[in-house]
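Some notes on the structure that comes next.
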Amino acid sequence: MPEGPEIRRTADRLAEAVAGRALASAWFVFPALKRHERTLRGRTIEAISARGKALLVRFDHGWTLYSHNQLYGVWRVVAAGERPDTARSLRVALETAERAILLYSASDVAMWRTDALTEHPFLTRLGPDVLDPKLDADAVESRLQDRRFAGRRLAALLLDQRFLAGMGNYLRSEVLFEAGIDAARRPADLDVGERRRLARALLAVPARSYRARGIEAAAGMRADYLTDTPDAFRFHVFDREGLPCEHCGTPIRRSESGGRRLYFCPRCQR
DNA sequence: CTTTAAACCTGCTGGC
DNA sequence: TGCCAGCAGGTTTAAA
C-alpha cells in the first residue's frame, strides 16, 4: 500500500509469485482495458517492479501495466482460480497456472507500450526513487539545491513526488525528526551540515522502513502499524502526539500541513 | 512561483 | 445491529 517502501515490498511479493510465468488469463474491470484480456493470454510476466508509489507489471509483448494504489488499493497473491470472499471490489486479475495476482479497489490503472516514446504520464513527472540503491546523498543534496526545489518549504517538498518519488506522509515526519529539522524550513536556508543530515535521512529512513517490510509487516492496514512486532518499522514521532520525545523527553506535537498530519519534536527540530 | 483548500478515488472505525 | 460522519499512509485541480 501507501508509501514507497510498502509498494516496493508489494512488487517483491508479486514478482516472487508470478514473475517469469505465462498468463493463463487476464481480466480487467475497466472497459478501456478489456481489449488487453485476449492479447495477454499466453504472454509471460517479465518483471514486476515499483517506481515511487507506482507498481509496474511488464509483459513480454512490449506492454506494461501501471497501477497506483492511492490510499486503498490492495494487491493479493492467491492460488489459481481462487477468489477470496471480500467486500473489496476486484479490478484486475492476472492468472498463471499456479497462482493469480489480484488488484482490489484501485481505480488508477493503465496499460501502455513500454517501447513507446511516451511513458505513462504519471511516471514522466516522478523524481528519483528514494529507494533506488544508486541514489546517493550527494545526488539528494544537489537536488535540494536545485532551484526548482530550494525555495519551497520542506513540509510540502517532502511530499512532492517530482522531488523524490516514494516519499509519503509518515516518512515525511520521520525524516525531518531524524534530520532534526523543522518542516517550515526551506532547503535554501539550511546550512551545509543541516543539508547533509537531511539528505542522509531522506535515504536512510525509507531504506530502513523497506528493510523492516514497511509499516504493515503484520499484513493489514491501520492498527497493525501500532502493534510492536519485533521486525516492524518503529515510529519516533508519527502517531505519537503527547508521548515524550525519545531524545529530550519533550511531548511530541501534531500539526497539519497540506491537509496531512505532521508530527514533530518542538525541541529537537529546528 | 508557492501555498492552500477542496474534490475524488474507496475502505475502515467509532459514535449514536 | 445499522447507519453515518469522519478519517486515512494519495493525487489532482483550482483558487489565493
Side-chain angles (χ1 to χ4, degrees), chain A residues 1-10 29-30 32 50-55 66-76 84-92 102-110 120-127 129-131 144 146-177 183-189 205-206 208-210 212-227 232-241 254-263:
Chain A
M1 278 194 203
E3 307 187 19
E6 289 76 23
I7 300 293
R8 184 160 294 233
R9 279 290 176 184
T10 298
V29 76
F30 310 100
R51 171 112 180 267
K53 295 164 193 164
L55 191 132
Y66 158 95
S67 78
H68 195 297
N69 281 359
Q70 289 213 323
L71 294 182
Y72 39 79
V74 176
W75 276 102
R76 292 187 62 170
D85 183 25
T86 168
R88 292 167 176 273
S89 44
L90 186 61
R91 299 300 168 82
V92 176
L102 310 176
L103 175 62
Y104 291 91
S105 302
S107 54
D108 190 5
V109 178
H120 185 280
F122 181 79
L123 296 179
T124 59
R125 299 172 49 185
L126 295 181
D129 192 318
V130 271
L131 291 172
L144 281 167
D146 186 308
R147 57 187 186 80
R148 281 175 298 168
F149 309 121
R152 303 188 43 196
R153 272 203 283 225
L154 292 171
L157 188 61
L158 265 51
L159 292 179
D160 188 339
Q161 303 300 297
R162 288 169 297 190
F163 174 58
L164 288 174
M167 280 293 298
N169 204 41
Y170 81 77
L171 289 173
R172 170 174 75 163
S173 290
E174 294 298 320
V175 164
L176 289 170
F177 175 74
R185 306 279 302 279
R186 299 164 202 268
D189 304 328
V205 175
R208 197 184 304 144
S209 176
Y210 172 72
R213 315 186 69 80
I215 56 172
E216 46 183 0
M221 305 182 56
R222 297 196 51 76
D224 290 315
Y225 65 70
L226 298 173
T227 63
F233 180 78
R234 220 169 50 73
F235 290 136
H236 293 93
V237 288
F238 193 82
D239 246 356
R240 293 176 60 85
E241 183 181 17
R254 170 184 172 160
S255 69
E256 191 134 310
S257 144
R260 321 291 306 284
R261 296 188 287 160
L262 177 72
Y263 296 85

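Quick caveat, the model's predicted, so the values are computed rather than measured. Chain naming here is simple, since letters A, B, ... match the order of the sequence lines and numbering starts at 1 in each.
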Heavy atoms only: give me the nearest A:Arg152-A:Ala156 pair and the separation to one decimal.
-> NH2-CB, 3.9 Å
ring-ring contact (aromatic ring centres under 6.0 Å, His included) partners of A:Tyr210, counting only residues at least two apart = none
Out of C:dT11, C:dG9, B:dC12, which nucleotide sits closest to the side chain of A:Arg88?
-> B:dC12
Detail all sub-3.5 Å separations between protein N/O atoms and N/O atoms belonging to nucleotides 12-16 of chain C.
none

Run the ring-centre check on A:Phe233 versus A:Tyr170 and record whether the distance is less than 6.0 Å.
-> yes
In whole angstrom, give me the gap between the P atoms of C:dC3 and B:dC9.
-> 22 Å
So does A:Arg186 have more than 12 non-hydrogen atoms from other groups sitting under 6.0 Å from CZ?
-> yes
What stem regions, each of at least 3 consecutive Watson-Crick or G-U pairs below 3.5 Å, can be found for DNA chain B?
-> B:2-8 with C:10-16, B:10-16 with C:2-8
Check whether more than 12 heavy atoms from other residues, nucleotides or ligands sit under 6.0 Å from atom CZ of A:Arg162, and answer yes or no.
-> no
Report the residues that fulfil ring-ring contact (aromatic ring centres under 6.0 Å, His included) with A:Phe163, sequence neighbours left out, ordered by chain and then residue number.
-> A:Phe149
Quick one: A:Arg261 CZ to C:dC7 P, roughly how many Å, whole number?
-> 11 Å
If every non-hydrogen atom of A:Leu158 is compared with every non-hydrogen atom of A:Met167, which pair is closest and at what distance?
-> O-CB, 3.1 Å
In whole angstrom, what separates A:Glu241's CD from C:dC7's P?
-> 13 Å
Give the rounded distance in Å between these two atoms: CD of A:Glu256 and P of C:dG6.
-> 14 Å
Of all of residues 158-168 of chain A, which get a heavy atom below 4.0 angstrom from DNA chain C, listed by number?
-> A:Gln161, A:Gly168
Checking A:Glu3 side chain against A:Asn169 main chain: does a donor-acceptor pair fall under 3.5 Å?
-> yes
Checking A:Arg88 side chain against A:Tyr72 main chain: does a donor-acceptor pair fall under 3.5 Å?
-> yes
Is the backbone N or O of A:His236 less than 3.5 Å from a side-chain atom of A:Glu174, with the two atoms forming a donor-acceptor pair by type?
-> yes
salt_bridge(A:Asp239, A:Arg261) N-O dist < 4.0 Å | yes
Would you find a donor on one side and an acceptor on the other, under 3.5 Å apart, between the side chain of A:Glu6 and the backbone of A:Ile215?
-> yes
Does A:Ser89 place a side-chain N or O at less than 4.0 Å from the phosphate oxygens OP1/OP2 of B:dG11?
-> yes
note: A:His120, atom NE2; C:dT11, atom P; distance rounded to Å ~ 13 Å
For A:Ser105 and A:Gly73, indicate whether the former's side chain and the latter's backbone hold a donor-acceptor pair under 3.5 Å.
-> no
Look for any protein N or O under 3.5 Å of an N or O in nucleotides 1-8 of chain B and output each such pair with its distance, or none.
residue : atom : partner  : partner atom : Å
B:dT2   : OP1  : A:Arg148 : O            : 3.3
B:dT3   : OP1  : A:Arg153 : N            : 3.0
B:dT3   : OP1  : A:Arg186 : NH1          : 3.2
B:dT3   : O3'  : A:Arg153 : NH2          : 3.3
B:dT4   : OP1  : A:Arg153 : NH2          : 3.1

Rounding to a whole Å, what distance do you find between A:Asp108:CG and B:dG11:P?
-> 15 Å
Between B:dT10 atom C1' and A:Tyr72 atom OH, what is the distance in whole Å?
-> 6 Å
Rounded interatomic separation in angstrom, taking CG from A:Asn69 and C1' from C:dG9 = 11 Å
Do you know which two heavy atoms are closest between A:Ala155 and A:Arg172, and how far apart they sit?
-> O-NH1, 2.7 Å
Check the distance between B:dC9's C1' and A:Leu90's CG and give it to me in whole angstrom.
-> 17 Å
